[in-house]
Amino acid sequence: MKKIVKFLAITTAVIGVSLAGRVSASAKTTYQYSYTCDNGGVLWNTKHTKKIGNMKDYPYSRWLVKKVYTKKRNSKVVGYYYYVKNQNNKKQGLVWSGYLNKALAQTPNQFKSDAKYLNYIQKVDSQRLTRAILKLFPNTQVSVKLSSLTANGYIGKTPGYTKVVNLGKLPSSSGTIATSLWDTSAQPVKSRVEKFERQLSEAGYSSSIRSKMTSGRLGIYIADDVNLSTSTSTSTSTRRGLPTKTDGEGRTTVYTIVYGIPTRD
């Protein structure tokens with residue numbers, strides 16, 4: 001393999017099974033990218049002759065991306081590999097780029113209907129945390145309008161909705177509810193949602209209460225340390241390969257969950 005690009009020292013974050021990092025393509029241009037591991041991936045030594053690990057065994061660790069390598073056959077490039085080192089420097093090696101997919105999130109105002117927004121939440125990898133939280137409100141419909149109105153995490157004017165409650169700002173015995181999501185940004189979903197559920201109960205929203213929240217709507221917007229995309233296509237989260245210059249720069253972290261009663265739909 002021949003080295004083609006040398007990266008700056010880059011800290012990357014695995015999100016669920018996703019990887020995010022800042023790539024310096026040249027001295028003048030820097031881009032930000034996010035990736036998702038696809039069913040795990042073999043970690044090779046730098047000579048690509050020995051298997052030294054598997055990415056599925058490190059789904060939630062942070063990595064330092066150092067270099068990009070090409071693999072050639074008959075003088076033609078047939079693959080790309082990233083040289084990565086995890087945060088504690090105990091594991092490093094080459095990972096095939098095909099094991100990595102871009103993890104992107106969209107904002108609620110990019111969707112024109114509740115159905116399209118819910119379809120995005122149900123299909124896109126970056127919305128694993130959103131899907132898990134929605135299961136805590138099994139009988140409450142998601143509103144893309146309410147999600148858009150409160151996407152910045154604060155409740156201002158919410159035309160069409162009354163008695164809007166910012167669930168993420170409710171106090172519990174272990175602190176403000178959404179704080180636990182912030183403090184565990186990009187970590188495994190299960191333990192985070194379990195704590196979130198406990199905090200909701202402490203704040204007066206037990207499972208029995210939540211199951212009866214049928215007359216209202218949920219406004220929800222979660223960008224769990226990912227990049228934002230200008231496209232609403234669910235395929236934007238599954239494209240493989242090296243980063244492209246069209247991807248957005250900078251990662252975003254937002255956790256907004258609100259509940260309101262519609263005055264009209």
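In the hydrophobic clustering of ILVMFWY residues, with side-chain heavy atoms under 4.5 Å counting as a link, Val254 and Leu149 come out apart.
The shortest non-hydrogen separation linking Lys91 to Gly53 is CE-CA, 4.1 Å. Scanning all heavy atoms of the two residues, the minimum distance from Ser126 to Tyr120 falls at OG-OH, 4.2 Å. For the residue pair Lys169 and Gly153, the shortest heavy atom distance occurs at CE-O, 3.8 Å. Closest non-hydrogen pair, Ser215 versus Arg217, comes out as O-NH1, 3.7 Å. Of all the heavy atoms in Thr256 and Thr150, the pair that sits closest is CG2-O, 3.0 Å. The two atoms that bring Leu218 and Leu146 nearest to each other are C-CD2, 4.1 Å, heavy atoms only.
Expressed to the nearest 0.5 Å, how far CD1 of Ile121 lies from CG of Leu134 amounts to 5.5 Å. Here the OG1 atom belonging to Thr158 is positioned 11.5 Å from the CD1 atom belonging to Ile261, to the nearest 0.5 angstrom. If you take CD1 on Ile52 and CG on Asn45, they are separated by 6.0 Å, rounding to the nearest 0.5 Å. Rounding to the nearest 0.5 Å places CG of Leu118 at 10.5 Å from CD1 of Ile220. In this structure, CG in Asp114 is found 8.0 Å from OG in Ser147, a value given to the nearest 0.5 Å. Here the straight-line distance linking atom CG of Leu129 with atom CG of Asp224 works out to 5.0 Å at 0.5 Å rounding.
The aromatic rings of Trp182 and Tyr255 sit perpendicular, their planes meeting at an angle over 60°, well past the 30° parallel limit.
Each of Leu136, Ile177, Leu170 was compared with Tyr205 under the side chain to side chain contact (heavy atoms under 4.5 Å, CB included) criterion, and only Leu170 meets it.
Using a 3.5 Å distance cut-off with no hydrogens or angles, the side chains of Ser191 and Glu194 do not pair a donor with an acceptor. Looking only at atom types and distance, the side chain of Asp183 has no donor-acceptor partner in the side chain of Thr179 under 3.5 Å away.
In this structure a side-chain-to-backbone donor-acceptor pair under 3.5 Å is present from Gln127 to Ile222. Side-chain N or O atoms of Arg128 include none that pairs as donor or acceptor with a backbone N or O of Val189 at under 3.5 Å.
Using a cut-off of 4.0 Å between Lys/Arg side-chain N and Asp/Glu carboxylate O, Glu197 and Arg210 are scored as salt-bridged.
Thr107 has its side chain within reach of Tyr221: a pair of non-hydrogen atoms, C-beta onward, lies under 4.5 Å apart. Residues Asn139 and Met213 have side chains not in contact (no heavy-atom distance under 4.5 Å, counting atoms from C-beta outward). Here the side chains of Tyr161 and Val258 are not in contact, with every heavy-atom distance at 4.5 Å or above. Using a 4.5 Å heavy-atom cutoff, the side chains of Trp44 and Lys51 are in contact.
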